[in-house]
Amino acid sequence: MLNIQLALQKAKSNATDRWRQSASPVPRQPTPVPPTAPSSAPAPVHPLPVARPLDGQWTNLPSWAPDQRLLKQNRVVTLDHSDPARGSFDMLRTKILQEMRQNGWKTIGITSPTAACGKSTVSANLAFSLSHQTDCRSVLIDLDLRRPSIGKTMGMTQTPSIEDFLTGNAGINDTFVRFGSNLAIAANSRPVTHASELLQGAAAKSALASMQSRLAPDVVLYDLPPMLAFDDVLAFAPSVDCALIITAAEMTTGAEVDLCEYELSQRTKVLGVVLNKCRYTPEKYGY
Amino acid sequence: MQGFKRADWANGLMGDIDLKFYASLLLRRLPILVGAAAVCTVLAVAVALLIPKTYEASARLVVEAPQIPAEMVRTTAPTNAVEQLQIIEQEIMTRDTLLGLAKRHGVYDAYLKVDENDIVDDMSSRLRFKQLELDSARDSAATVFSISFRSKSPVQAADVVNDVVSLVLERNVRLRTERAADTQRFFNQEVDRLSRELAGLDKQILEFKNANKDALPDSLDFRHNQQSSQQERLAMLEREEASLRSRRENLVQIFQQTGRVATGPVSPEQQLLDDLNRALSEQLSIFSEDSPNVMSLRKRIADLQKSLKEKSEKGEGKKGMSELDLQLADVDERLQFLTNEKASIRKNLEHLAETIAATPTNETALNSLVRARDNTQLQYNTAVAKLAEASAGEQIELHAKGGRLAVVERAVPPVDAVSPRRKLITALGLVGGGGLGFAFIVLMELLNRTVRRPSELAAIIPGQPFVTLPYIPQPGEQVLSDFWQGWHNAQQFLRTLSARLPWPATDSAGLESR
C-alpha cells in the first residue's frame, strides 16, 4: 500500500510538467451550445455541446448511434439524465479526469479480479459519461480479447476484429466507430486465443500508438480481462498510465482485491478500487 | 479531518449505520432462518406425533396427625411419615414386588420375551414416589405424598397406582401395628421375667428367714431382754438352790439331833400325843403320879403311843425316819428340778448368745437379699408402667388413631397424556430451528470473505473506495427490498438446486432458468 502512495506522489510530482508539455498547444475554445429539447430527437441522444472542432481523423470514423433501450437493458445508464445511478458514474468520471489531468495520464486500464464484476458495463457507462464532457475526447477499446463484451453491451450489430487492428491488418476507420463528436469505440467481434502474446507484441504497441497519435484522445479506456484468470492484464499493464480495479460487492473477496491491487501496483499506477453492484449504500450519501 | 473521520466511522460501527447493515443482512438471509425453523418445526412435530402417548396417573396420600394428642398417650410406632414412606417405598421398589405389579396389570405385552432386569428397571423408572411441598411455613404442616405411574394406557396407569396405594396402606398398617405389638410383647416379656425374678427373690428371703428365724435382726431386742431375764432367773434359781441345800443340811442335822423332823407337818395323833404329853407334864407338876388324871393321861399317852407305834409299824414304819426322808425327798426333788431348770436356762442362754452373735451376719445377708428384691421391684414397676404405655400405644394403633397414611385422592384414569408434550416439543423445534438458522447465518457471514460494503473495502485498501457504484437494475427489473431480495435469492438457490439434483428427468430443463 505504501509503495502505491509513494508511486502516486512521485507520479504526481513529475507528471504535472508532462501534462503541460503534452497538452495541446492550441488552447481549446469551448463553445457551449445550448442543448435542444430531448423530445425533438427521440432515437438519437440529445445534441452535445461540441468543444473541439471535428478534425479529419474523427469525421472519418463511421458514426454510430446506440439503441437506448438496449443500452438500458444492458445497464448502461449514463445517456439517460434522469437515471439515479448516473450520478455515481459521473462522479467516477470526474474523479478519473481530475486524477489523469493532474498527473498527465492518458490511458487507463479497467480490470477486475474475477469475471462478471461489471467491467464492460462500467467501461460503457464511463465512456458515455465522458462523452458528455465536450472538451474531452475519449476512446474505448475492448481489449478483453478472450470474451469480448463491449459490442454486446453497446448493442452493436457489426463489430470489427481487434485482433486485426492490433496486428495492423485493419485500420482505425475499420475498427472504431464514433459516437457523437468525442467518443470513439472499438468493440471486438471474435475471441482471440493468444491474447496475452498479442497484447505484448510490438505490433499491438505500434497500432495503439498510431491510434493515439491520430485520434489524439484525452482519455483512452482499455476494457481489460479479469486479472486473476489470465496473464493478459499483467502483460498489458506496463502499457497503461494507470489502472482501475472494479470489484463487485458480495462477489469479490478481500484477498482477491488485495492480491490484484498488489500485482497491479507493481506494474502501473493504480487509480483506485471501485466497488460495483453495491446494494448497501449508507443513507448519508443519499441525495 | 482524518481523525474526525475515523471517530465518525467508529461511531458508525456502534451506531445506526452498522446496525442497519446487519439488519439488512439479516433480512436478506431471513429465508434461511425461516426455512431452518420450518424444517425443524416439521421434524419436531413429526417426532412429537411419532412418540407414543404416555399417560400418568397419580394418587395422593396424606400423613394424618395423631388423633389422640401425643402429650397424653404416646404411640409406640414411628411417627416420622417421611421415614415410614421411604421404608415402604424401598419395600415396594423391590424386584419381586415390581415384577408382581407388572404381571398383575399386564404392563408388558411380550412379558416373557423381555428380560426381567429390564422390567424391573423400567417399572422403577415409571413408578414415582414424591413428597409434595406444601406452601406452609409451619413445621408441623401436613405431609402429602404422591404416587404416580406412567403407562401407555390411562386405565392401566390408574390401576397400577391404586394397587400400589393399597400396598402402601397395607404395609403401613402392618408396619405400625407390628411395631406396636412388638413393643408390647417386649414389655410383657420383661414384666414376666421381672415378676419371676421377684418371686424367686421373695422365696429366697423367706427361706433365709425361715432358716435363720431365731437370729433375725428384728428379734434382737427381744432376745436381749430374754437373755437378761433368763440370767436373772438363773441367779434366782441358784439362790433358791443354795437355800434348799442349807435347809436340807438343817433337816438332816435336826433329825440327827432330835430324831424327828423339826419341821414338817405333824400328824393329828402326834399332835394329840404332843398335847397329851404337855398336859401330862402340866398335871405332874400339880398332881402326883398316882392321881387319876395322871393315870388316865398316862394311859391315853400309852394308848396313843401304842397306836402310833402300831401305825408306824404297820404302814409308815419308822415314822420319824420317813418323815425326814419325805422332807429330804421333797427338797431333793426340788433341787433336781432346779438343776434341770438351770440347765435348760443355760442352754437357752447359750442359744441366745449364739443367735445374737449370728444376727449381724444374717442382717447383712438379708439386707443384700432385700436390696436385690427392691431393685427388681423397681424394675418391675417401671416395666409394668411401660407395658401399660405400650398397650395404650398398641390400642391406638389397633384403632388406627395414631398418625397414619390416608388416601386423599385415588388415581383416576387421566384424560390427557403427559408425554409427549407436543406443544413443548414443537416450540422447541421452532426455537431450535430459528436458533440453528440464525447460527447458520452468523457462521455464513463470518466465513463470507467477500467485500459487502465500502467500509469493508476500506479496511483492505487504505482510504475509501475510489467510487462506490450502486447495483443497476435492468428496465423492468424491480429493485427488491432486502426482505424480498432474500426470498428471491432463496428461490433462485432452490431452482438451481432442483436443477442439479438428479430428478427423474421430466421437465427439469424448464426449471433451469439460469
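A, B, ... follow the sequence lines: proteins, then strands. Residue 1 opens every chain. Please read these numbers as outputs of a predicted model, since none were measured by experiment.
- With ring centers used as reference points, A:Phe179 lies under 6.0 Å from A:Phe128.
- Looking at B:Glu456, there are no atoms closer than 4.5 Å to chain A (heavy atoms on both sides), in backbone or side chain.
- Between A:Lys95 and A:Glu99, none of the side-chain N atoms (NZ, or NE/NH1/NH2) sits under 4.0 Å from a carboxylate O, so this pair counts as no salt bridge.
- Ion pairing of A:Arg101 with A:Asp241 is absent here, as no side-chain N (NZ or NE/NH1/NH2) approaches a carboxylate O to less than 4.0 Å.
- Contact annotation for A:Ile96: both backbone and side-chain heavy atoms come within less than 4.5 Å of a heavy atom of chain B.
- The part of A:Val77 that comes within reach of chain B is its side chain, from C-beta onward, which places non-hydrogen atoms under 4.5 angstrom from that chain.
- Under the 4.0 Å criterion applied to side-chain N and carboxylate O atoms, B:Arg150 and B:Glu56 are assigned as salt-bridge partners.
- In this structure, A:Asp232 pairs ionically with A:Arg146, as a charged nitrogen and a carboxylate oxygen lie closer than 4.0 Å.
- Only the backbone of A:Ala248 comes within contact range of chain B, with heavy atoms under 4.5 Å apart.
- Of the two parts of A:Thr247, only the side chain, counted from C-beta on, holds a non-hydrogen atom closer than 4.5 Å to a non-hydrogen atom of chain B.
- Annotation: maximal heavy-atom pairing with chain B below 4.5 Å, among A:Lys277, A:Glu256, A:Lys72, occurs at A:Lys277.
- Residue A:Asn125 touches chain B through its side chain alone, counting heavy-atom pairs closer than 4.5 Å.
- Note: A:Gln73 leads A:Arg69, A:Met91, A:Gln73 in heavy-atom pairs under 4.5 Å with chain B.
- Across all non-hydrogen atoms, the minimal contact from A:Ser149 to A:Asp142 is N-OD2, 3.1 Å.
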